[in-house]
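Structure, as C-alpha cells:
Per chain, numbering begins at 1; letters A, B, ... match sequence-line order.
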Protein chains: 2
Amino acid sequence: MPQRGEAPISVIKRLPVYLRVLDNLVKRDIEVVSSKSLSKQTGFSAEQIRKDLAFFGAFGTRGTGYNTNYLRERILRIIGLDKQTNVAIIGAGHLGTAFARYNIRENPYTNVVGLFDVSPDSVGGEIEGVPVYHLNDLQDMIKQEKVQVGVVTVPAVHAQEVVDRMVEENVKAILNFAPAKLNAPEHVTIHNVDLTIELQSLIYFAREELSADRDKEENKEE
Amino acid sequence: MPQRGEAPISVIKRLPVYLRVLDNLVKRDIEVVSSKSLSKQTGFSAEQIRKDLAFFGAFGTRGTGYNTNYLRERILRIIGLDKQTNVAIIGAGHLGTAFARYNIRENPYTNVVGLFDVSPDSVGGEIEGVPVYHLNDLQDMIKQEKVQVGVVTVPAVHAQEVVDRMVEENVKAILNFAPAKLNAPEHVTIHNVDLTIELQSLIYFAREELSADRDKEENKEE
DNA sequence: GGATGTGAATTGGTTCACAGCA
DNA sequence: TGCTGTGAACCAATTCACATCC
C-alpha cells in the first residue's frame, strides 16, 4: 500500500542506514537481500525493516527478498537524494571542515557549495576543494547557488543570527551543531546534533553502579 | 518517589539540556526556576520536565519551583558528572580536534586525557593543551589514566579494531562517529553519532513536495 | 519452503487533568 | 493561589504472529 503523506522521523532516520548497506551490496554485485540479512548488517530487527519499507510501498518479492538496486533507487527517491541538494556549511572551523570533508568523500548525494566564515585566515581559500566565503556573502550565495540546506557549526552565540539569515533566503532545513535552542518558522526544519548531550548522556551509562547492576543480570543468552 | 533502576534513554538525553540551562541560571544568580520557565528555555513541555525530574525523586517546591543550585547538583549526581570522567579521543583529525576543543571549553565535567592517532604530524604534539599519543599507546594510557569513556573519530574501517582494544581495557562506554555498526559486549554501551544520517534524514524534510504539503496546512496558531 | 507484508498485541513515551502541598 | 507531582488517557513505535504470495 504505497503510502503518501508524512513518514515518522524514526523511520526516516533508518533509511540512510539501509542506503549505506545497499550501496555496499550493489557495489559488490549482490542483487538480492532479505530483511534478515539487512537486519544483521544494520542492527535493526527484520520486522522493523519490512515495516519501514512497506510504509512506502511493497518493494520486495515474497520468498526471495529485495532487489538491491531497485530498493536503493527507491530509497534515494524517498529521501530526496535523487535530485541534487545544495548545502552550505556555516563555520569553517574544525567541525565545519570535518563535516565538509566527510560529505565530499562519503556522501555522493549532496553538493557542498561553500563554507562560510569570518576569519581572514580561511576566507578566500579552499577546503577539500570547496571555496570558503565570507559570512557576509552567505545570503547572496544561497540565492545564487540555490542552497536548500544549511549546516551550522558556528559558536552558540552566533547561531541564531545565522539561522535568521538563512530563513530569510528560504533555506528549507538546517542541521545545527551549536548547543543552543534555535528559533525558526514552522516550515523550516531544524535538527540538532549536540555533542555535549551525546557525551554526557553516555557517561550516565558508564557509571560504576550501573556497570555493577549489569553484572548482576548475567543470565542472558541468544 | 525516588526511583532506583534504569532510567529511559529519552529521559537521560534531556538531562544535559536541563543542566546547561541550570548552569546558566546559577551563573546569573537566579535561585528558583519553574518547570514552565525551563520549558521555555529548553523547548520540552513543562509536564515532561516535571515527569523527568520526578522520576529521580521530588526536587521541587510546590507553588514555587525548583532551586536551581540544588537541582543542578542533583542532575550532576544522576548523570555521574559529580565524579571525574576520563575521556580518550581516538582520531586526531578535524572531528577529534573539534570534539576535544569543544569539550575542554564548554564541558567542565569531563577530562580529556589524550588524543590518539597514527599520523607523525600530530603524534607527540598537543591540541588545545591535550597531548597527542600514538595509537599504539592507547591501551597503556587507558590503564594509566583510568579512561572510562572513548570517543571514536577514526575512519570506519579502523573503528572496530579501536573498539576491540578499548573493550579489552574495560572502557565502559564509547561514543562512535564512524559510520559503521560496531560490536561490543553487552556491558559496554555504544552510542552512535552519524553525520550522514543526520544530513540525509534532514534532506527528506527539505524536499519540495513536502514544503508544498506544509504550506497547505497553514491553519495553526499559538 | 521461504521470504514479504500486515493486523493485533505490546511496549514505551508523552500529554492531560487534577490532586496535593507550600 | 500557584506550581509540583502523578495516575489516567492517549499516542507512537516496536514486536509478534501469521496470512500471503513467489
Side-chain angles (χ1 to χ4, degrees), chain A residues 1-15 17-18 21-22 25 30-72 74-75 78 201 204 220 222, chain B residues 1-15 17-18 21-22 25 30-72 74-75 78 201 204 220 222:
Chain A
M1 186 193 312
Q3 193 112 0
R4 282 291 94 197
E6 197 71 44
I9 177 86
S10 52
V11 176
I12 297 301
K13 288 239 170 172
R14 286 189 290 266
L15 295 181
V17 182
Y18 305 149
V21 171
L22 289 166
L25 292 173
I30 294 168
E31 292 184 359
V32 174
V33 67
S34 66
S35 60
K36 199 171 168 187
S37 166
L38 282 173
S39 171
K40 273 214 187 92
Q41 292 177 74
T42 61
F44 306 128
S45 79
E47 304 89 314
Q48 186 166 64
I49 292 169
R50 293 202 299 275
K51 267 253 158 83
D52 284 353
L53 300 178
F55 182 89
F56 300 100
F59 304 148
T61 311
R62 293 176 194 220
T64 311
Y66 301 88
N67 178 290
T68 52
N69 232 313
Y70 178 66
L71 185 55
R72 176 176 163 278
R74 291 304 306 257
I75 290 178
I78 292 165
S201 63
Y204 174 83
K220 65 166 311 189
E222 190 194 348
Chain B
M1 188 193 311
Q3 193 113 358
R4 279 294 94 194
E6 198 70 43
I9 178 85
S10 53
V11 176
I12 297 301
K13 287 240 172 172
R14 286 189 290 266
L15 296 181
V17 182
Y18 304 149
V21 172
L22 288 166
L25 292 173
I30 295 168
E31 292 182 359
V32 174
V33 67
S34 66
S35 60
K36 198 170 168 187
S37 166
L38 282 173
S39 172
K40 274 215 186 92
Q41 293 177 74
T42 61
F44 305 128
S45 79
E47 303 89 313
Q48 187 166 63
I49 292 169
R50 294 202 298 275
K51 267 251 157 81
D52 284 353
L53 300 178
F55 182 88
F56 301 100
F59 305 149
T61 309
R62 293 177 195 220
T64 310
Y66 300 88
N67 178 290
T68 53
N69 231 314
Y70 178 66
L71 185 55
R72 176 176 163 277
R74 292 304 306 256
I75 290 178
I78 293 164
S201 63
Y204 174 83
K220 65 166 310 190
E222 194 197 342

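The CD1 atom of B:Ile9 lies 5.5 Å from the OG atom of A:Ser201; values are rounded to the nearest 0.5 Å. Taking CG of B:Leu38 as the start and CG of B:Leu71 as the end, the distance is 7.0 Å to the nearest 0.5 Å.
Within a heavy-atom distance below 4.0 Å of DNA chain C, no residue of residues 36-45 of chain A is found.
Separating the CG atom of A:Leu53 from the C1' atom of D:dA13 is a distance of 16 Å, rounded to the nearest angstrom. Between B:Phe56 atom CZ and D:dT6 atom P the separation is 14 Å, expressed in whole Å. One can place CD1 of B:Ile9 at 17 Å from P of D:dA13, the figure rounded to the nearest angstrom. Between the CG atom of A:Leu71 and the P atom of C:dT4 there is a distance of 11 Å, rounded to whole Å. Rounded to whole angstrom, the span from the CG atom of B:Asp52 across to the P atom of C:dT14 amounts to 7 Å. Look at CD1 on A:Ile12: it is 11 Å from P on D:dA13, rounded to the nearest Å. As a whole-Å value, the separation of B:Arg74 CZ from D:dT4 P is 17 Å. Nucleotide D:dT14 holds its C1' atom 18 Å from the NZ atom of A:Lys13, rounded to whole Å.
Take B:Lys13 and apply the salt bridge (charged side-chain N to carboxylate O under 4.0 Å, His left out) test, not counting sequence neighbours, and it matches A:Glu198. In this structure, B:Thr42 has no side chain to side chain donor-acceptor pair (under 3.5 Å) partners at least two apart in sequence or on a different chain. Contacts of B:Gln41 classified as side chain to side chain donor-acceptor pair (under 3.5 Å), with partners at least two apart in sequence or in another chain: B:Ser37.
OP1 or OP2 of C:dG5 sits under 4.0 Å from a side-chain N or O of A:Tyr66. Side-chain N/O atoms of B:Ser35 include none lying less than 4.0 angstrom from OP1 or OP2 on D:dC3.
The side-chain hydrogen bond (donor to acceptor under 3.5 Å, both in side chains) analysis of residues 62-71 of chain A, with sequence neighbours excluded, yields the pairs A:Tyr70-A:Arg74.
Helix-axis bend for the helix from C:dG1-D:dC22 to C:dA22-D:dT1: the local axis fitted to the five terminal pairs at one end deviates from that at the other end by 0°, rounded to 10°.
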What protein N or O atoms touch nucleotides 8-10 of chain C N or O atoms at under 3.5 angstrom, if any, and at what distances?
residue, atom, partner, partner atom, Å
C:dA8, N6, A:Lys51, NZ, 3.3

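Each of A:Gln48 and B:Phe59 has a nearest nucleotide on DNA chain D; the 5'-most of these lies closest to B:Phe59.
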Revision key, fill the gap. Contact string for nucleotides 17-22 of chain D, one letter per nucleotide 5' to 3', B = base within protein heavy-atom range under 4.0 Å, S = sugar-phosphate only, - = neither, reads B--BBB
Indicate every side-chain donor-acceptor pair of residues 47-55 of chain B with a distance under 3.5 Å to a residue at least two apart or in another chain.
residue, atom, partner, partner atom, Å
B:Arg50, NH1, B:Ser35, OG, 3.1
B:Asp52, OD1, B:Arg14, NH2, 3.0
B:Asp52, OD2, B:Arg14, NE, 2.6
B:Asp52, OD2, B:Arg14, NH2, 3.3
B:Asp52, OD2, B:Tyr18, OH, 2.6

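Taking both residues in full, the closest heavy atoms of A:Ala7 and B:Tyr204 are given as N-OH, 3.4 Å, listed atom of the first, atom of the second, then distance.
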Exercise for review: Run the numbers on B:Phe59 and B:Ile75 for side-chain contact (heavy atoms from CB on, under 4.5 Å), then give the verdict.
Suggested key: CA-CA 10 Å; B:Phe59 305 149; B:Ile75 290 178; 5.5 Å; no
